Amino acid sequence: MKKTKKKKLKSFVLPKYYESKIISEVKNIRTVNEKRTDYSPTKLTIGKLNFYIPKYFGFCFGVKNAIEICYKTLEENPDKNIYLISEVIHNPDVNDDLKEKGIIFLQKSSGETIVPWKNIDKNDIVIIPAFGTTKENMEIINKKGIKTKSYDTTCPFVTKVWNRGNYLAEKNYTIIIHGKPEHEETKATFSNFSSEIPRIIIKNIQEAKLLSKYILDERKKDFKKIFKGRISENFNQKKDFKKIGVVNQTTMLAEETQEISNFFEKIMEKKYGIDNLKNHIANTRDTLCYATNENQTSIKQLIDLDIDLAFITGGYNSSNTSQLVKICENYFKTYFISSEKKLISEKEIIHFDMADKIEKKHLNYLPNKKKINFLISGGASCPDSVLERLLEKICKYYNQPIDKKKIIQDFLKKY
Ligand code: SF4
């Protein structure tokens, strides 16, 4: 066995119960022994069960940073009221744990008020979630004299998008944001560009196509009606499409983001000609974050395998998790679950149906074969411990004992 090399990585202090004996250990072994660009999946064999796990999954930099700040704030301020603007990340287990430990949420993910701002004063602590928050919320906080410097968990990859947008705005580009309009990050991004910048949110390629009709003057009516709540004040559809730049929510599907950028390039070429193109569309590469790219790239390494069943764990409102589910659904029978608790028994599972946006019950979901290949993974806000409990539960249903030490010893043999 080769000696494990040490690499310098920023480390975070997180509650131990988010780590796990197999999943976290395998992840650490791969991190220190392999190139970052090695996207091959991990395979763990337990009796007749094979578990395929993508190279990259689970807590990303921004999530670890946000969680560390929340728990540290709790520890250091036992006598203060600690508020979070809304969910710190989109994982129900993590949010529930923070609530149990005393953090109070001010708003729901939808923006609906839980605790009114009038109840908060300058002696309170207000934590900004990893998605960032709107300028309007920041104005209220600043007016109250609340200091947020040590409690702002806004992910640097989100701030990078804001900086990119503001740079484009200085050069008079209209910003098209590809994102989920109801998602906290997209709302924060929309709001954090300076207020004079014309900006619009589109959800997908279908909306990009619809928008292109207005850009090309092929359609004139209903613009404000169709994009209601998703355009900046005083948006002028006649004047504001002369120069455009596209940025995205950091957790969209990479292919769709690429398709949208390429599509708008063609549209502006059609309108202004190839020679003038660079004066009318900003050369923006996508603003997806590293974790979105790595998680999507690694799960795609599994699509040619003979997977019998895939489980993706994460919050149902988690954008990056839902993109992993979308990829898997194209190739395998896939269940989107918030945690292992959704495996009610070996006969029954409750899973989230993304099309209908509701949880559904499914019976007899576990395959019965000599050898079974599972894919298990989680979004950027899913703790390793959830994935490990999922693996344990599946093994229990198939009466396969788990020897954690041996699994790790066997895994280390390849290095
Ligand atoms: S998914 Fe990306 S943008 Fe979101 S918190 Fe993680 S690193 Fe930051």
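Indexing begins at 1, ligand by ligand and atom by atom, following the structure's order. All figures in this text were calculated on a predicted structure; none of them were measured in a lab.
The cationic atom of Lys243 (NZ for Lys, CZ for Arg) lies less than 6.0 Å from the six-membered ring centre of Tyr173 and within 45° of the ring axis. Figure legend: cation-pi geometry between Lys99 and Phe105, with NZ or CZ positioned under 6.0 Å from the six-membered ring centre and within 45° of its axis.
Near Cys155, meaning under 4.0 Å from one of its heavy atoms, ligand 1 places the atoms 3 (S), 5 (S), 7 (S), 8 (Fe). Residue Cys289 has at least one heavy-atom neighbour below 4.0 Å for each of these atoms of ligand 1: 1 (S), 2 (Fe), 3 (S), 7 (S).
Checked against a 6.0 Å centroid threshold, the rings of Phe241 and Tyr214 do not count as neighbours.
Residue contact annotation: Cys60 places no N/O/S atom under 2.8 Å from atom 8 (Fe) of ligand 1.
No option in Glu348, His351, Lys361, Glu359 other than Glu359 meets the side chain to side chain contact (heavy atoms under 4.5 Å, CB included) test with Lys342.
Taking atom 4 (Fe) of ligand 1 as the reference point, the nearest protein heavy-atom neighbour is Thr250 OG1, 4.1 Å.
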